[in-house]
Each structure stands twice: as structure tokens, then as C-alpha cells.
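Side chains included, hydrogens not; waters and symmetry mates left out as well; all remaining heavy atoms used. The structure displayed is predicted, hence computed values, not measured ones.
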Amino acid sequence: MGKRIIIVGLPLFAKRLAEDLGEYDPNLKVTALDTYYTKIDRIKALFLIPFCKVVYSINGTTSKSKVFDWAFFWNKKVMMTWVGTDVTKAINNKNRLQKYIDKAEHYCEVEWIQKELKSALNINAEILNFFNFKENKAISFPTSKNKLRLLTYIAKNRELYYGINKILSLARDFKDVHFDVVGTDGEGFDQYPNITFHGWVENMQPLFNDAHVTSRLIEHDGLSGFVLESLFNQKYVLYNNKIEGVIYIEEDKDAYKALENINEKFKNQSLKPNETGSSYIKNNFMYTEIMSNLLRKIKGN
């Protein structure tokens with residue numbers, strides 16, 4: 001059956017997870033394949049799947065997939081981790097392949113996705129996380145100098161879905177707060193002196209270093225890695241989903257009130273690191289525990 005684990009799905013996270021698993025257990029052969037965008041990786045999948053133990057996907061689907069069909073043909077264990085937008089796509093898919101629901105093992109990261117999968121698709125998904133942190137990765141909370149800085153990610157060509165209008169509204173109201181927006185270049189949207197559109201950024205660390213607050217005000221979301229990264233680094237997070245350590249934003253007015261409160265503390269130099277958020281990550285998302293739980297499921301223990 002072999003010890004090889006093939007990880008497919010969202011390429012960035014698949015690559016990171018392959019590295020994490022390989023480091024945790026050097027006896028494993030873990031291969032991340034970008035079967036979405038890379039032809040050579042699609043060919044590699046055809047050759048490697050017959051010799052693997054598990055095909056693990058960071059993304060669920062009910063649409064036809066050659067990778068999953070080939071894995072099922074060879075009676076391989078298929079694990080799908082549903083992460084957010086994939087759930088919406090499956091719900092809207094009128095030509096769902098029921099065999100993907102029946103034959104795969106299904107996982108997700110948070111309760112709201114778990115409930116959505118059950119109610120909309122009758123999928124019983126177990127909560128199993130893969131995003132993880134190591135102790136030495138945290139950065140220092142920035143000092144209270146110059147302006148309060150808010151960092152957010154808005155995907156290019158999906159700006160409205162990612163809540164750009166909410167960010168623009170806050171920027172208009174808080175002229176003394178600087179907004180760093182990554183992902184989109186802001187073309188076609190209002191430009192303000194206190195917003196910097198950075199476009200796609202390979203290295204987010206300098207922007208994270210300078211941020212006091214981050215925001216994730218998207219239409220539909222799983223458990224965002226951007227949010228977890230923010231909490232680990234003691235940032236305050238405006239988020240329209242409920243997890244420990246964030247400031248829950250249900251309506252636009254909640255975002256205004258939250259930012260007003262944070263900015264006031266910043267001005268009077270009483271803004272402290274978000275220790276609650278940092279503790280939540282350290283209690284639930286640290287490397288050793290996440291890898292141990294994940295490998296237990298992969299190995300079927």
C-alpha cells in the first residue's frame with residue numbers, strides 16, 4: 001500500500017502541509033501536487049496514485065475530478081477537507097457526483113462549515129485542522145507610533161465578495177487610520193490617501209509586522225488562515241465569523257464601533273497586544289498537536 005501521501009487542492013496550503021508532515025515524520029513520503037494549474041503535476045498524479053496510501057485534498061468537490069476518479073479506481077483512501085468557497089460551489093452544483101460524497105472521508109475546520117455541509121449536502125464532516133504554528137514564529141506587537149494600521153486581504157477580481165466596500169467605508173470615516181490592502185491593486189475603486197493597495201504580495205511579513213488590526217469581512221468563509229495568522233501574532237481581528245479572540249462583526253456598524261474603540265486606545269497609548277487571540281491559537285493550533293491528529297486520521301488509527 002505504501003507510505004506515500006499525496007496532497008492536492010489549494011496549491012499554497014498543499015505545499016505547506018506537505019512540508020509540515022514531512023518534517024514531523026521523515027519516514028513518510030509526502031508529495032504536494034498542483035493538479036489545478038500544472039499539467040506535469042496532473043501527469044505525476046496518474047503515476048503516483050496507484051502507489052500511495054492516501055489522497056488528501058485541501059478542498060472538497062462534487063464535480064468531476066480525474067484525480068479522485070483515479071484514486072477510487074485504485075481503492076485509495078480519499079480525504080476531503082472542505083474550506084469555504086468549495087461548500088458554496090457544491091451547494092450550487094446541479095450535477096453533483098454522489099459517489100464523491102459517499103466514497104470519500106469528509107473533514108472541515110470549523111463548526112459553521114460542518115453544519116452547512118450537513119444541512120445542505122447531507123455530508124457528515126469531522127472537524128480536523130491542518131493550519132498550524134510553531135512557537136518561534138510569533139512577531140512583536142508594533143509600538144504606538146504614527147498611525148494605527150489595519151491590514152486586510154481583498155482578492156483581485158473578487159473585490160466585492162471580499163468586502164472592499166466595507167473597507168472603503170471605514171477608510172472614509174477613519175482618515176487617521178492607514179489601511180494596507182493586499183491582493184487587489186484597487187483598480188476601478190475609489191482611492192484615498194490613507195489606503196495603500198499593494199496588489200499581490202509574496203512576503204506578507206513586513207506588512208504583518210506593522211499592523212495593529214486586521215480584518216476579514218467576506219461574504220462566505222471557512223476558517224481563514226489570514227485570521228489565524230493575525231491572532232497568533234496578537235493582532236486585533238475584525239471578523240464576521242465567531243471564533244475565540246476575534247471581534248465579531250455582524251453588521252457594518254459593528255466594524256465602525258470596534259475600530260473607533262481600538263483607535264482611541266491607540267491614541268492614548270493604552271492599546272495592548274491581543275493576548276486572548278494569541279492564547280486561543282497556542283491552545284488549539286500548535287504544530288505538534290495538529291500534525292499528530294492529522295496523521296492519526298491519515299493512517300486510520
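Taking both residues in full, the closest heavy atoms of Val237 and Leu231 are given as CG2-CD2, 3.7 Å, listed atom of the first, atom of the second, then distance. Taking every heavy atom of both residues into account, Lys76 and Pro50 meet most closely at NZ-O, 3.1 Å. Contact between Leu228 and Phe285 at its shortest, heavy atoms only, is CD1-CE2, 4.0 Å. Nearest heavy-atom pair across Ile123 and Trp82 is CD1-CZ2, 3.8 Å. A pairwise comparison of heavy atoms in Asn93 and Ser63 identifies ND2-OG, 3.2 Å as the closest pair.
Using a 4.0 Å cut-off between charged nitrogen and carboxylate oxygen, Lys299 and Asp25 count as a salt-bridge pair. In summary, Lys147 and Asp176 do not engage in a salt bridge, as defined by a charged side-chain N under 4.0 Å from a carboxylate O. The residues Asp34 and Arg42 are annotated as not salt-bridged, no charged nitrogen and carboxylate oxygen being separated by less than 4.0 angstrom.
Put simply, the side chain of Val78 does not reach to within 4.5 Å of the side chain of Glu105, judged on heavy atoms. Side-chain atoms of Ile7 and Leu33, non-hydrogen and from C-beta on, never get closer than 4.5 Å to each other. Counting heavy atoms from C-beta outward, Lys134 and Asp20 have side chains that approach closer than 4.5 Å. Taking 4.5 Å as the limit, some side-chain heavy atom of His212 sits within range of a side-chain heavy atom of Leu271. For the pair Glu109/Val83, a side-chain contact is recorded, criterion being any heavy-atom separation below 4.5 Å from C-beta on. Within the 4.5 Å cutoff, no side-chain heavy atoms of Val227 are placed close to those of Thr214. Side-chain atoms of Val54 and Ile6, non-hydrogen and from C-beta on, never get closer than 4.5 Å to each other. For the pair Lys118/Asn124, a side-chain contact is recorded, criterion being any heavy-atom separation below 4.5 Å from C-beta on.
Within 6.0 Å of atom CD in Glu260, more than 12 heavy atoms from other residues, nucleotides or ligands are found, so the atom counts as buried in its surroundings. With a 6.0 Å radius and a threshold of 12 heavy atoms from other residues, nucleotides or ligands, Lys156 has its NZ atom above the threshold.
A cation-pi arrangement is present between Arg158 and Tyr161, with the terminal nitrogen or guanidinium carbon under 6.0 Å from the aromatic centre and inside a 45° cone about the axis.
In this structure, the side chain of Asn132 engages the main chain of Phe130 through a donor-acceptor pair within 3.5 Å. Distance alone, capped at 3.5 Å, is enough to place a donor-acceptor pair between the Asp254 side chain and the Glu251 backbone. Formation of a donor-acceptor pair under 3.5 Å by the Arg4 side chain with backbone atoms of Ile49 is not found in this model. Proximity of a side-chain donor or acceptor of Asn263 to a complementary backbone N or O of Leu259 within less than 3.5 Å is not detected. Listed for the Lys235 side chain is a donor-acceptor partner under 3.5 Å among the backbone atoms of Ala211. A distance-only check finds a donor-acceptor pair linking the side chain of Gln191 to the backbone of Gly186 [under 3.5 Å]. Checked by atom type and distance alone, the side chain of Lys77 never pairs as donor or acceptor with a backbone atom of Lys53 at under 3.5 Å. In this structure a side-chain-to-backbone donor-acceptor pair under 3.5 Å is present from Asn283 to Ser279. A donor-acceptor contact shorter than 3.5 Å links the side chain of Ser119 to the backbone of Lys115. Listed for the Asp41 side chain is no donor-acceptor partner under 3.5 Å among the backbone atoms of Thr35.
Looking at Lys297 and Asn293, their side chains never bring a donor and an acceptor atom within 3.5 Å of each other. Between the side chains of Trp200 and Glu202, at least one donor N or O lies within less than 3.5 Å of an accepting N or O. For the residue pair Asp180 and His198, a side-chain donor N or O sits within less than 3.5 Å of a side-chain acceptor on the partner. Under the 3.5 Å distance criterion, with hydrogens and angles disregarded, no donor-acceptor pair is assigned to the side chains of Tyr280 and Asn274. A donor-acceptor pair shorter than 3.5 Å cannot be found between the side chains of Ser57 and Asn59. A donor and an acceptor atom, one from each side chain of Thr85 and His220, are nowhere located under 3.5 Å apart. Thr81 and Tyr56 form a side-chain donor-acceptor contact under 3.5 Å, judged by distance and modelled atom types alone. Side-chain N/O atoms of Tyr107 and Asn129 include no donor and acceptor closer than 3.5 Å.
Here Thr288 contributes atom OG1 and Tyr24 contributes atom OH; the two are 6.0 Å apart, rounded to the nearest 0.5 Å. To the nearest 0.5 Å, the span separating CD1 on Ile262 from NZ on Lys267 amounts to 13.0 Å. Interatomic distance, OG1 of Thr196 versus CZ of Arg149, reported as 6.5 Å (0.5 Å rounding). The OG atom of Ser278 sits 8.0 Å away from atom CG of Asn233, with the distance rounded to the nearest 0.5 Å. Rounding to the nearest 0.5 angstrom, the gap separating the CG atom in Asp86 from the CD1 atom in Ile91 is 10.0 Å.
Partner of Phe232 under the ring pair (Phe, Tyr, Trp, His ring centres under 6.0 Å) criterion, chosen from Phe208, Phe133, Tyr287: Phe133. The side-chain contact (heavy atoms from CB on, under 4.5 Å) with Arg216 is formed by just one residue from the set Asp221, Asn241, Leu238, Thr152; it is Asp221.
In this structure, Phe197 has its ring center no closer than 6.0 Å to that of Tyr192. Here the two rings, on Phe226 and Tyr153, have centers that are 6.0 Å apart or farther.
Classified by interplanar angle (parallel below 30°, tilted 30° to 60°, perpendicular above 60°), the ring pair Trp74/Trp70 is perpendicular. The aromatic rings of Tyr239 and Trp112 lie perpendicular to each other, with more than 60° between the two planes, well past the 30° mark.
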